[in-house]
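Below: one structure, written as structure tokens.
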Amino acid sequence: MTEETPRSGLRAPIAQMFAVGAVASALGIGLGLLIDWWPKQGSTQSKDIDTLYDVLIIVTVPIFVMVTVIVLFSCLTFRMRPGEEELDGPPTHGNTRLEVIWTTIPALMLVIMCSYAYVVLTDIEDAKAGEIRVNVTGQQFTWKFEYPATEKGGKPVTSAELYLPKDKPVRFYVESLDVIHDFWVPQFRMKVDAVPGITTKYRITPERSGKYPVVCAELCGPGHSFMRQSAHVVSPAAFAAWKKKQTMPNRATGGDAETIDAKSLFASSGCNGCHTLADAQASGTTGPDLDKVLPGQSAAEIKASIAMPAAKVTAGFPNVMPTDYATRLSPEELDALVKYLTEVAGK
Ligand code: CUA
């Protein structure tokens, strides 16, 4: 051991510490900016949000690095050496200037970053001319999208798939019929909870055509991970055509069991979230495997199991199937679904 206490030789280690910190920060920021954290931008809002994210990386990575380096440096420099077991450290009396600095700088940074985030969010949430409205309803374990009638006497369009015209601003009115869900299309970047009893909202303007996942981002029950549907961003003309087709009497309203596409109904009603059915490429395991339990059952039995699931629960499975399919589906849809299940289950 030399005569020196560890403290007197600190100048060089502190310089070293700063050098290590600077290099690590630069590497961390570079890496943070290089990594593709998010899928491709799909809305005009995504750019501002991604820039906000990048700025947060640039500001927060050096803070993380600084704290880590100081902790490691202190452990190395001030650690107990052999023979010092009985020694007490030098008395400290605080350092007012240091305390003022380490309180003021983070406080300022917080205020600046929060202000910036607030400005970005209010910009994005600005009302836009010609907005279309889409009502989004979450329910275990499916999403429903409703397009209110735009002209007098028109009928609202409901769909299990989200269709949006490209470059047209849209505002979502989000609700839940049971528990808390969260309506998220990662490509649009915005995301909001669907809370029973209140309507939450957000705006986006889709700017890239394509098919994107609609994801539930709030743990909402055994079928949560299957609460996924699709958002289709299409040309305004294709959107108008799609919407027109939805009002034609081939679906829920007035369609007969023959013309209803029961396989997509199986998915859009959320059945695939909990059940396995090879024909529909469904592999849920929360509820009974339909390929195993349905063969041998009559149409009436299957219908009863959908309409009143709690009346007969398969042993070994939780009694969690929604009990409102009889009202969620039209009688024709229910019949089409039952017919489909009798035809494909176990095949
Ligand atoms: Cu709905 Cu998770």
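Just so it is clear, the structure is predicted and the values come from calculations on it, not from any experiment.
The nearest pair of heavy atoms linking P236 to P165 is CA-CB, 3.9 Å. When all heavy atoms of R133 and P148 are compared, the closest pair comes out as O-CD, 3.2 Å. G138 and D178 make their closest contact through O-OD1, 4.3 Å (heavy atoms, listed as atom of the first residue, atom of the second, distance). Summarising the geometry of P62 relative to I29, their closest heavy-atom pair is CG-CD1, 3.8 Å, with the distance given to 0.1 Å. A345 and L294 make their closest contact through CB-CB, 3.7 Å (heavy atoms, listed as atom of the first residue, atom of the second, distance). Minimum heavy-atom separation, V69 to G21: CG2-CA, 4.1 Å.
Contact of the P288 side chain with the H275 side chain is registered, since non-hydrogen atoms from C-beta on lie closer than 4.5 Å. Counting heavy atoms from C-beta outward, V179 and C220 have side chains that approach closer than 4.5 Å. The shortest distance between side-chain heavy atoms of V20 and V65 does not fall below 4.5 Å. Between Q229 and L162, the closest side-chain pair of non-hydrogen atoms is not below 4.5 Å. The closest side-chain heavy-atom distance from Y147 to P156 is not below 4.5 Å. W143 places a side-chain heavy atom less than 4.5 Å from the side chain of V136. Here the side chains of Y53 and W38 are in contact, with some heavy-atom distance below 4.5 Å. When side chains are defined from C-beta on, L277 counts as touching F266, because their heavy atoms get closer than 4.5 Å.
Atom-to-atom distance recorded for L110:CG and I105:CD1 is 12.5 Å, nearest 0.5 angstrom. With values rounded to the nearest 0.5 angstrom, K263 atom NZ is found 14.0 Å from C271 atom SG. A distance of 7.0 Å separates NZ of K144 from CG of L177, quoted to the nearest 0.5 Å. Distance check, rounded to the nearest 0.5 Å: OG of S283 to CG of D289 gives 10.0 Å. How far CG of L337 is from CD of E333: 9.0 Å, rounded to the nearest 0.5 Å. Summarising the geometry, atom NZ belonging to K191 is positioned 15.5 Å from atom CD1 belonging to I204; distances are rounded to the nearest 0.5 Å.
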With side-chain hydrogen bond (donor to acceptor under 3.5 Å, both in side chains) as the criterion, how do Q139 and S176 come out once you've worked through the C-alpha distance, each side chain's angles and the decisive distance to 0.1 Å? CA-CA 6 Å; Q139 182 174 26; S176 167; over 6 Å; no

Would H181 and D193 count as a side chain to side chain contact (heavy atoms under 4.5 Å, CB included) if you check the C-alpha gap in whole Å, the side-chain angles of each, and the deciding distance to 0.1 Å? CA-CA 6 Å; H181 304 274; D193 274 2; over 6 Å; no

Could you walk me through whether D335 and E332 satisfy the side chain to side chain contact (heavy atoms under 4.5 Å, CB included) test, starting with their C-alpha distance in whole Å, then the side-chain angles of each, then the deciding distance to 0.1 Å, before giving a yes or no? CA-CA 5 Å; D335 286 343; E332 293 79 13; 5.7 Å; no

Full working for side chain to side chain contact (heavy atoms under 4.5 Å, CB included) between L290 and T276: CA-CA 6 Å; L290 299 181; T276 290; over 6 Å; no

Stepwise side-chain hydrogen bond (donor to acceptor under 3.5 Å, both in side chains) test for N95 and R97: CA-CA 6 Å; N95 184 326; R97 193 200 295 170; 5.7 Å; no

Report the C-alpha separation of L265 and L329 in whole Å, then their side-chain angles, then the decisive distance to 0.1 Å, and conclude whether the side chain to side chain contact (heavy atoms under 4.5 Å, CB included) test is met. CA-CA 9 Å; L265 190 62; L329 302 170; 4.1 Å; yes

For a side-chain hydrogen bond (donor to acceptor under 3.5 Å, both in side chains) check, start with the C-alpha distance between D279 and Y340, then their side-chain angles and the critical distance, and finish with the verdict. CA-CA 10 Å; D279 188 73; Y340 168 69; 2.6 Å; yes

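Using a distance-only test at 3.5 Å, with no hydrogens or angles considered, a donor-acceptor pair links the side chain of S43 to the main chain of F188. Without hydrogens or angle criteria, Q297 side chain to V293 main chain gives a donor-acceptor distance under 3.5 Å. The main-chain N or O of T199 is never found under 3.5 Å from a side-chain atom of K201 such that the two would form a donor-acceptor pair. In this structure a side-chain-to-backbone donor-acceptor pair under 3.5 Å is present from E85 to G83. With T122 contributing its side chain and V119 its backbone, the two residues share a donor-acceptor pair below 3.5 Å.
Hydrophobic clustering (ILVMFWY, side-chain heavy atoms < 4.5 Å, transitive): V134 and W242 are in one cluster. Under the 4.5 Å side-chain heavy-atom criterion for grouping Ile, Leu, Val, Met, Phe, Trp and Tyr, M227 is connected to V185 within one hydrophobic cluster. Note on L56: it does not cluster hydrophobically with I112, by side-chain heavy-atom contacts below 4.5 Å among ILVMFWY residues. Tracing side-chain contacts under 4.5 Å through hydrophobic residues (I, L, V, M, F, W, Y), one never reaches V195 starting from V214; they form parts of separate clusters. Residues Y173 and V157 fall into different hydrophobic clusters, defined by Ile, Leu, Val, Met, Phe, Trp and Tyr side chains chained together at heavy-atom separations under 4.5 Å.
For residues 204-228, no residue pair satisfies the side-chain hydrogen bond (donor to acceptor under 3.5 Å, both in side chains) rule, not counting sequence neighbours. Among residues at least two apart or in separate chains, there is no ring-ring contact (aromatic ring centres under 6.0 Å, His included) pair with a member in residues 93-140. Screening residues 32-51 for salt bridge (Lys or Arg N to Asp or Glu O under 4.0 Å) gives D50-R189 as the qualifying pairs, with residues at least two apart or on separate chains.
Y163 and H232 have parallel rings, their planes meeting at less than 30° on a 0 to 90° scale where 60° marks the start of perpendicular. Ring orientation note: the planes of F183 and Y202 are close to parallel, at an angle under 30° on the 30°/60° scale.
K292 NZ: 12 or fewer foreign heavy atoms inside a 6.0 Å radius.
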